[in-house]
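These numbers were taken from a predicted model, which means no experiment stands behind them. Throughout, protein chains are lettered first and strands after them, A, B, ... in sequence-line order, and every chain is numbered starting at 1.
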2 protein chains.
Amino acid sequence: MSAIRLLVLGAVRRHGRAHGYQVRNDLEFWGADEWSNTKPGSIYHALKQMAKQGLLHAYESAPSTAGGPPRTEYEVTEQGTAEYFSLLREALTSRDKMDLLAAGIGFIVDLSREEAVTLLRRRIKGIEGWRESVTAYYKPEEGPEQLGHIGEIMHMWVHSADVGAEWTRGLIERIEAGAYIFAGEDGDPFEGVLAEEHENPQEACGSHGGEPA
Amino acid sequence: MSAIRLLVLGAVRRHGRAHGYQVRNDLEFWGADEWSNTKPGSIYHALKQMAKQGLLHAYESAPSTAGGPPRTEYEVTEQGTAEYFSLLREALTSRDKMDLLAAGIGFIVDLSREEAVTLLRRRIKGIEGWRESVTAYYKPEEGPEQLGHIGEIMHMWVHSADVGAEWTRGLIERIEAGAYIFAGEDGDPFEGVLAEEHENPQEACGSHGGEPA
DNA sequence: GACCTTCTATTCAACTTTGACTAGGGTATG
DNA sequence: CATACCCTAGTCAAAGTTGAATAGAAGGTC
């Protein structure tokens, strides 16, 4: 599974209502086009698929206010919100797939501080388990160097997993030390969304509240 | 670009002639199914595409010697060999995409020792350049912590790139110290291919020689 | 010998990703 | 005021990926 659905759901959710181009710009702003597959086609495809599956509700063809073709706007449904949190939790515990993890970190503050830490700890457990199974599998009969240069591949993966675990521990520490504002806490929640030119100021403050779960 | 073409070309090349199931087993043996997309469908698709593009030559429908449906065998063409080395060089210099790098390492001994080192050094240069551009882009006006938790994402990528560069330096050292047998050197080249049950012993020794370039 | 499992070998439909393309409108330039 | 260029917004065909399904043969077992 790629990170695109999580990214798109998260972007739309932050706006309350958004069209494809807005999502695209946000993801670019976050640098997601560098570390994930956020080509235009993928974004529009994800929007359409998720609309078809009821995760998003599509408002057809609002005429563009700034040139270009008419645009379709989307809103996250209840079902979509559930999926969002499910994907988010999955992303934060995933061992492989740096892009998933990155997307998860981007939205981590939508969870409570405790849950964030719990999930990150689970991630470390996952890495450690994987590490054991891999090193067990690859240290068979005839000495360590019977693998030749192929051994380098395994070392690379194990090493990078170790570093990932170490980095995660650091993040947990920072979070436990009080860094950042999480869901349900006082202070400005970090938005990190590109401002829309204020065409309809009175519509800009719909509270799209926290998770029910 | 994914690693599958390189992996498939490399696997077929090592056998001289191979059918899809053989390739699949090799990739599994190398653990490539863990770190790359080597599902059966992808392998057969890659074989067919590359045959269509003239990188492989297909020998239609050799009847299976061990049960199952008849199988199609493939051989790497001259054009395919050129593509193989091109992909291999690209893989070893790629900054992102761990799976590409892993595949590249798997076939690195098909290059000369000097070229291997050169490419790995180029890889480090690439990482360093990328690092600079990223940190420049993400250290803008209002202090470092204006990014909020989004900064964690950048730190993660930069950190993992640094670790990747460091690991590459270690590999270069080992190679320069004489580890492994590279193309054109004395000693058994590492094969790491699953032995075929010797059905046609006299066909098993076709020399599929080194690169012309 | 009927049945079940395993191994061999591949195909297929559904889905996702990619990169190039379309097209309207604004804006600067000569 | 024509033309070139960029920004907005999205579509599309081709390619790649996935997971499940298919199907023949061999081997065990009751």
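Counting non-hydrogen atoms under 4.0 angstrom, A/Gly20 reaches the backbone sugars and phosphates but no base.
A distance-only check finds no donor-acceptor pair linking the side chain of B/Glu132 to the backbone of B/Gly129 [under 3.5 Å]. At distances below 3.5 Å, not a single donor-acceptor pair connects side-chain atoms of A/Ser36 with backbone N or O atoms of A/Thr38.
Close to D/dT11, at under 4.0 Å from its OP1 or OP2, lies no side-chain N or O of A/Tyr44. Put simply, A/Gln49 has no side-chain N or O that comes within less than 4.0 Å of OP1 or OP2 on C/dC15. Listed pair B/Ser2 / D/dT17 meets the phosphate criterion, a side-chain N or O lying under 4.0 Å from OP1 or OP2. In terms of phosphate contacts, A/Lys39 brings no side-chain nitrogen or oxygen within less than 4.0 Å of OP1 or OP2 of C/dA20. For the OP1/OP2 pair of C/dT17 and a distance below 4.0 Å, the side-chain nitrogens and oxygens of A/His45 include no atom meeting the criterion. Side-chain nitrogen and oxygen atoms of A/Thr72 include none within less than 4.0 Å of the OP1 or OP2 phosphate oxygen of D/dA9. One finds a side-chain N or O of A/Arg5 lying less than 4.0 angstrom from the OP1 or OP2 phosphate oxygen of C/dT16.
Between the NZ atom of A/Lys52 and the C1' atom of C/dT16 there is a distance of 12 Å, rounded to whole Å. Spacing between atom OH of B/Tyr21 and atom P of D/dG24 amounts to 17 Å, rounded to whole angstrom units. Atom P of nucleotide D/dT17 and atom NZ of A/Lys97 are separated by 11 Å, given to the nearest angstrom. Atom-to-atom, CD1 of B/Ile43 to C1' of D/dA20 comes out at 16 Å; the value is rounded to the nearest Å. Distance NZ (A/Lys48) to C1' (C/dT16): 14 Å, rounded to an integer number of Å. Separating the CG atom of A/Asp99 from the P atom of C/dT16 is a distance of 15 Å, rounded to the nearest angstrom. Across the protein-nucleic acid pair, B/Asn37 atom CG and C/dC15 atom C1' stand 15 Å apart, rounded to whole Å. Rounded to whole Å, the distance from CD on B/Glu73 to P on C/dT8 is 16 Å.
Side-chain atoms of B/His19 lie closest to C/dA9 of the nucleotides C/dT18, C/dT11, C/dA9. In this structure, the nucleotide among C/dA9, D/dT17, D/dA9 sitting nearest to the side chain of B/Ser42 is D/dT17.
Atom CD of A/Glu78 has 12 or fewer neighbouring heavy atoms from other residues, nucleotides or ligands inside a 6.0 Å radius.
Of all non-hydrogen atoms in B/Ser160 and A/Met98, the two that sit nearest each other are OG-CE, 3.2 Å.
A/Phe107 pairs with exactly one of A/Tyr180, A/Phe182, A/Tyr84 by the ring-ring contact (aromatic ring centres under 6.0 Å, His included) rule, that one being A/Tyr84.
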